[in-house]
Amino acid sequence: MCATTCSFAKTGYYRAPSRRFLATKKTELPLAMSGDASSSAPLQGQAAKDGGDRAGSVKQQLSRLFKASLSATVPDEPNIEPLVEVCTAKFGDYQCNNAMGLWSRIKGKSTEFKNPNSVGQAIARNLPPSDIIESTSVAGPGFVNIVLSDKWVAQSIQQMLLSGIGTWAPILSVPKAVVDFSSPNIAKEMHVGHLRSTIIGDTLARMLEFSNVEVLRRNHVGDWGTQFGMLIEHLFDKFPNWEEAGEQAIGDLQEFYKASKRRFDDDSTFMEKAQKAVVRLQGGEARYRDAWKKICEISRKEFDLVYQCLGVHLEEKGESFYNPYIPGVLEELSNKGLIEESDGARVIFIEGHQIPLIVVKRDGGYNYASTDLAALWYRLNIEKANWIIYVTDVGQSQHFDMFFSAARRAGWLPDSNGNLYPKASHVGFGLVLGSDGKRFRTRSSEVVRLVELLDEAKSRSKTELQKRLKENGKIAEWTDEELEKTAEAIGYGAVKYADLKNNRLTNYTFSFDQMLNDKGNTAVYLLYAHARICSIIRKSGRDVEELKKTGNIVLGEPDERILGLHLIKFAEVVEEACTNLLPNILCEYLYNLSEKFTGFYSRCPVVGSAEETSRLLLCEATAVVMRKCFYLLGITPVYKI
């Protein structure tokens, strides 16, 4: 089982210091429900001010130069944001595209400029002196093309090697974010449907953390609701002395849940008892609360097995945590005139939707919407988060659209504008499909248990690895522990990467054969590519740490420059992936990095060449960036194959 073989998690390969997989006690109590979330406003580079030694991405550094140039070029047009992009043509490395838009604003106001091209010429001419730029040229309607200095690119890479890749972390404008992901239901086993939320959410959290954003990783588990009435009553009926029997009374929680559900559906007397049990539980009756806690505890242990294998850490704040806040939140919304009576329920009407957002059911009970509103209030007012990110399937898009609209009506969130904070984002994702194009299930039409899926990935990975090592005669060089750890890294990494490399909004077909292929855009290929780079460095016999201090990088050949340019784009790629909440952008960068390294290595001999020192440093820089990409994707690198 995953719990016994997951040696990476046990030895701390994934875990950061002082992090927890799951929180335990919930000791916070509701505070007075007064005051709204902080007023909406752009965060004018708050995080950027704390950038430390980070200069920001190349795009950010160029933008600062063009900001100065624009101020000098059109001093009467304030607050013009530079439009700097990677240049796709052969005229340069980057491009500033402000001239046309600026011309439309100043046309007729000034005799200095005759057309967009003349505006572009002035922008290029007014650039402050900088070591970054080798040359500029102006094309067509004022596009300012920039060629970066080879010397500056080489020095930037060398400085990263000396100071660490943390200096290449992007500078984001958001200080604090909540990432709400995974969120399984208590008493139900995690299955393949939870895979995407857990993997995508973890990667988003890692990228934001790397960018020096304070991230609150929240596991909004379903630990409160009507299902607990039937579970508790079934426990009391079958095991009157359940406290003494402990976990043995419940046994397999999945079977226990199914048995209680059958009784609930088939036995009206049991259904009535279960419904009364919910009232007693929510009323705080000790016996029912104790049973509820035991069921939750057993469920958490099963979840933890999966989280350990995936190397994911979260802090649990489930539905029950926010339940005490609901009355005060609803009172605030009611006082603001948002809540109305409708057909026996209390609802919020949302413009553009035919059905309202129900916040109190006809029977007086709360639901997802009431809990989500309380959670959002807490995250804005108590945790003071600037960005709240929810990672769930696209099927919940309507719920989040209505929920966010209600929050905007309440004044908690600004009107739709990506530049204003606080803000909330729904990170939707598609389905995991089987080879038949339908929702991924077992042959008996059961959902696939996540623990079993991970075990299968590791087992297949180990089989392939052993076969490969036997074929190349290296099996004797490997210890059993190395085989286990490498099989885990490749197996679990393959599952993660196969998901993350796709645009999250699309469905993807789950295939062990494809994800464990060592050719093409797979984790296996990329992990092997990293191991080969490490092998090149080892075989050189050189002390790479010493080379970082004494050697110099020179980008003398076209393939050296291509590789160097791709390396220094790392920060802006992470920034783009964070801003758009799209991990596949980072995956694409990683795969392209591997391809560009292959081009470099095939045409630029390393060991034994006159340029050995410089090229070994380029190898090391590539390996460092690949390892950081792996880390951000939650994948453990391998160092030998």
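Residues satisfying the salt bridge (charged side-chain N to carboxylate O under 4.0 Å, His left out) criterion with Arg408, sequence neighbours excluded, are absent altogether. With sequence neighbours left out, the side-chain hydrogen bond (donor to acceptor under 3.5 Å, both in side chains) criterion links Lys59 to Glu85. Asp180 meets the salt bridge (charged side-chain N to carboxylate O under 4.0 Å, His left out) test with Arg379; sequence neighbours excluded. In this structure, Tyr257 has no ring-ring contact (aromatic ring centres under 6.0 Å, His included) partners at least two apart in sequence or on a different chain. Among residues two or more places apart in sequence or in another chain, the side chain to side chain contact (heavy atoms under 4.5 Å, CB included) test is passed with Val394 by Ser397, Leu505. Among residues two or more places apart in sequence or in another chain, the side-chain hydrogen bond (donor to acceptor under 3.5 Å, both in side chains) test is passed with Ser197 by none. Not counting sequence neighbours, the partners of Val573 by the side chain to side chain contact (heavy atoms under 4.5 Å, CB included) test are Ile585, Leu586, Tyr589. Under the rule for a side-chain hydrogen bond (donor to acceptor under 3.5 Å, both in side chains), Lys238 has no partner lying at least two apart in sequence or in another chain. Residues passing the side chain to side chain contact (heavy atoms under 4.5 Å, CB included) test with Glu351, sequence neighbours excluded: none. With sequence neighbours excluded, the residues forming a salt bridge (charged side-chain N to carboxylate O under 4.0 Å, His left out) with Glu189 are Arg449, listed by chain and number. Judged as a side-chain hydrogen bond (donor to acceptor under 3.5 Å, both in side chains), and not counting sequence neighbours, Glu319 has no contacts.
Salt-bridge annotation for Asp237 and Lys273: present, with a side-chain N of the basic residue lying under 4.0 Å from a carboxylate O of the acidic one.
Annotation for Ile186 and Gln227: closest pair O-NE2, 4.4 Å, computed over non-hydrogen atoms.
A cation-pi arrangement is found for Arg206 relative to Tyr631, the charged atom lying closer than 6.0 Å to the ring centre and inside a 45° cone about the ring normal. A cation-pi arrangement is present between Lys317 and Phe321, with the terminal nitrogen or guanidinium carbon under 6.0 Å from the aromatic centre and inside a 45° cone about the axis. Because its NZ or CZ atom is both nearer than 6.0 Å to the ring centre of Phe270 and within 45° of the ring axis, Arg263 counts as a cation-pi partner of that residue.
Screening Gln396, His353, His426 against Asp401 for a side-chain hydrogen bond (donor to acceptor under 3.5 Å, both in side chains) leaves a single residue, His353.
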Just list the side-chain donor-acceptor pairs under 3.5 Å for residues 276-290, sequence neighbours left out, or say none.
unit_1	atom_1	unit_2	atom_2	d
Arg280	NH1	Tyr288	OH	2.8
Tyr288	OH	Glu233	OE2	3.3

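The aromatic rings of His399 and Phe403 lie parallel to each other, their planes meeting at an angle below 30°, with 60° marking the opposite boundary. The aromatic rings of Trp292 and Trp224 lie perpendicular to each other, with more than 60° between the two planes, well past the 30° mark.
Under a cut-off of 6.0 angstrom, the local environment of OH in Tyr368 is sparse, with at most 12 non-hydrogen atoms contributed by other residues, nucleotides or ligands. By the 6.0 Å contact criterion, CD1 on Ile358 is open, its count of non-hydrogen atoms from other residues, nucleotides or ligands being 12 or less.
Contact annotation: the side chain of Gln60 approaches that of Glu575 to within less than 4.5 Å [non-hydrogen atoms, C-beta and beyond].
Side-chain N or O atoms of Arg218 include none that pairs as donor or acceptor with a backbone N or O of Gly318 at under 3.5 Å.
For the residue pair Ser182 and Tyr307, a side-chain donor N or O sits within less than 3.5 Å of a side-chain acceptor on the partner.
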